[in-house]
Amino acid sequence: MNVSEDSTTPTPTPGSIKPSAMPKPTAVPAAAEASGTPAAAPAAPIAPVAESTSNAAPFGRVGEDGTVYVKTPDGEKAVGSYPGKSEDEALAYFARKYDELHASAALLLQRVTQTDVSAHDATESLKNLRKQVGEANVVGDLPALDGIVEDISTALRVKAQVEGEQRAAAKAEALKQREALVAEAEQIAAQDPEKVQWKKSTTRMRELLDEWKTHQKGGARLDRDVESTLWQRFSAARNGFDKTRRAHFSKLDEQHGAAKKEKERLVAEAEKLQNSTDWGSTASAFKRLMGDWRAAGRASRADDDALWQRFKAAQDAFFAAKDEVVAEENKEFEANAKVKEELLAEGQKILPVKELGAAKAQLRALQEKWDAAGKVPRKDMDRLEKGMRRIENAVRDAEQAQWKKSDPEVSARANSMVAQLESAIADLQADVDAAEASGNSNKANKLRQELNAKQSWLDQVRSTASELDG
């Protein structure tokens, strides 16, 4: 006896039909399904079905000739036969095949609605399911099965829309991030070459390129024309920065070379002067060389450091020798300072000046001894010179005062002023008398105050004139 499913299905013998040979739906993890990687172990496998679990029998019948029919909205449809078996066994066989197809559909619906399987992958699974449903020779509730398929299709449309919105949002964020990278690269490239921190900026430009590659590899894909435009801007900024950096360091190398050449000249001149004993002029020469050194600019760090060591060694050698000589001189100068201290103490006895002639004679003798005493240490020079100036100024002031007293022009001016004041006082006295005679006491008081002031002034001028005439 043979089992047949329409005319297109091979007819197995009854003995060859085993439960383990029948299709059995199993629960496949969503992640494995989506990636195409076989799962290590299926989750919750569905056990082989010994008989129908969906009560599919009411949806079919067995004809007198053993043909099994399924009931559809469009009428009955022959699905095959199972000769040699009872009608219940024949219906159960085709009902089990329905159950398996129904389980596959339910599982796909669960994956679409409850896992993160992509709409693209699930759509391929739905195509296969539609094909299986369309070609299936089963007994069961076919409209219900079609309903599950449509539910899957509806869920996929929703998932595709959500994924589209997510892709759009991811693309917008990726565009924002790429534009930020481009803007920062352009900002770095636009810096003033004289103010750029080259090491920091070069490192950051490399980091921006790495970030660009990371976004390009793992981020959302941008439209080809948008990405091309951004890349052109990014590449132009990097190339511009590199060109500016090369030009800057080329110019810097030229400047370093010129500075090195100039400093080599200064070092050679300093080394010629290091053994000079012409202390004053050589010290001035080293001061000039130091100014030229600062104006020469910087060579490369290694060259600059080496040249500076040579320059400083020559300079130190000269000033060390000079300091030794100065130290010896200071011993002598300290003795000279002690002599001048004593001369200042002697000079203080001239003050205050009482007899000008004697004071001038004493000052001349003091000045001769002062000049003969010689140099003093620099630290004492200003203090000692100021002390001598005070004595000299006091004698000079006394001489000037005596001269003023004997100046005939000054005496004549003083006497003339006395005469003028006496005349003015006489006139004021007459005005006071007139005001009192007229009874104008206010005017008389004001005139009397002016009269008293002029009288006081007259007394002072008469005293001065008397001293000049004396």
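Reckoned from all heavy atoms, side chains included, excluding hydrogens, waters and symmetry mates.
Across Tyr98 and Ala144, no two heavy atoms sit closer than the pair OH-CB, 4.2 Å. Nearest approach of Trp370 to Leu384, heavy atoms of both residues: CH2-O, 3.4 Å. Here the closest heavy-atom approach between residue Ala122 and residue Leu156 is recorded as CB-CD2, 3.3 Å. Shown here for Val325 and Trp279, the closest heavy-atom pair between the two residues is CG2-CZ2, 3.4 Å. The minimum heavy-atom distance between Ala160 and Arg167, with the atom names listed, is O-NH2, 4.4 Å.
For the pair Thr202 (side chain) and Trp198 (backbone), a donor-acceptor distance under 3.5 Å is present. A donor-acceptor pair under 3.5 Å links the side-chain atoms of Thr203 to the main chain of Lys199, judged by distance alone. A distance-only check finds no donor-acceptor pair linking the side chain of Asn336 to the backbone of Val376 [under 3.5 Å]. With Ser250 contributing its side chain and Arg246 its backbone, the two residues share no donor-acceptor pair below 3.5 Å.
By the 30° and 60° cut-offs, the orientation of the rings of Phe311 relative to Trp308 is parallel.
Inter-residue side-chain proximity for Leu363 and Met388 is flagged as met; some heavy-atom pair is nearer than 4.5 Å. Looking at heavy atoms from C-beta onward, Arg111 lies in side-chain contact with Ser125 at the 4.5 angstrom threshold. In this structure, Asn452 and Gln455 have side chains that are not in contact, with every pair of non-hydrogen atoms separated by 4.5 Å or more. Leu145 is not listed as a side-chain neighbour of Asp141, based on a closest heavy-atom distance of 4.5 Å or more. When side chains are defined from C-beta on, Glu227 counts as touching Gln216, because their heavy atoms get closer than 4.5 Å. Under the 4.5 Å side-chain criterion, counting only non-hydrogen atoms from C-beta, Ile188 is in contact with Leu208. Contact check for Arg310 versus Glu264: no side-chain heavy atoms found under the 4.5 Å cut-off. The closest side-chain heavy-atom distance from Glu262 to Arg265 is below 4.5 Å.
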Less than 3.5 Å apart, which donor and acceptor atoms pair up between the side chains of residues 282-289 and the rest of the protein, not counting sequence neighbours?
from   : atom 1 : to     : atom 2 : distance (Å)
Thr282 : OG1    : Ser276 : OG     : 2.7
Thr282 : OG1    : Asp278 : O      : 2.7
Ser284 : OG     : Gly280 : O      : 3.2
Arg288 : NH2    : Glu269 : OE2    : 2.7

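By the 6.0 Å contact criterion, NZ on Lys260 is open, its count of non-hydrogen atoms from other residues, nucleotides or ligands being 12 or less. Around the CD atom of Glu173, the shell of radius 6.0 Å holds more than 12 heavy atoms that belong to other residues, nucleotides or ligands. Open room surrounds CD on Gln197; 12 or fewer heavy atoms of other groups in view lie less than 6.0 Å from it. More than 12 heavy-atom neighbours from other residues, nucleotides or ligands sit within 6.0 angstrom of CZ on Arg389. A 6.0 Å sphere centred on NE2 of His248 holds more than 12 heavy atoms belonging to other residues, nucleotides or ligands.
Across Arg206, Lys217, Arg204, a single residue satisfies salt bridge (Lys or Arg N to Asp or Glu O under 4.0 Å) together with Glu211, and that is Arg204.
Counting only N and O atoms by type, the side chains of Ser104 and Gln132 include no donor and acceptor under 3.5 Å apart.
Lys171 meets the side chain to side chain donor-acceptor pair (under 3.5 Å) test with Asp223; sequence neighbours excluded. Taking Asp304 as the reference, Lys263, Arg298 meet the side chain to side chain donor-acceptor pair (under 3.5 Å) condition, with sequence neighbours excluded.
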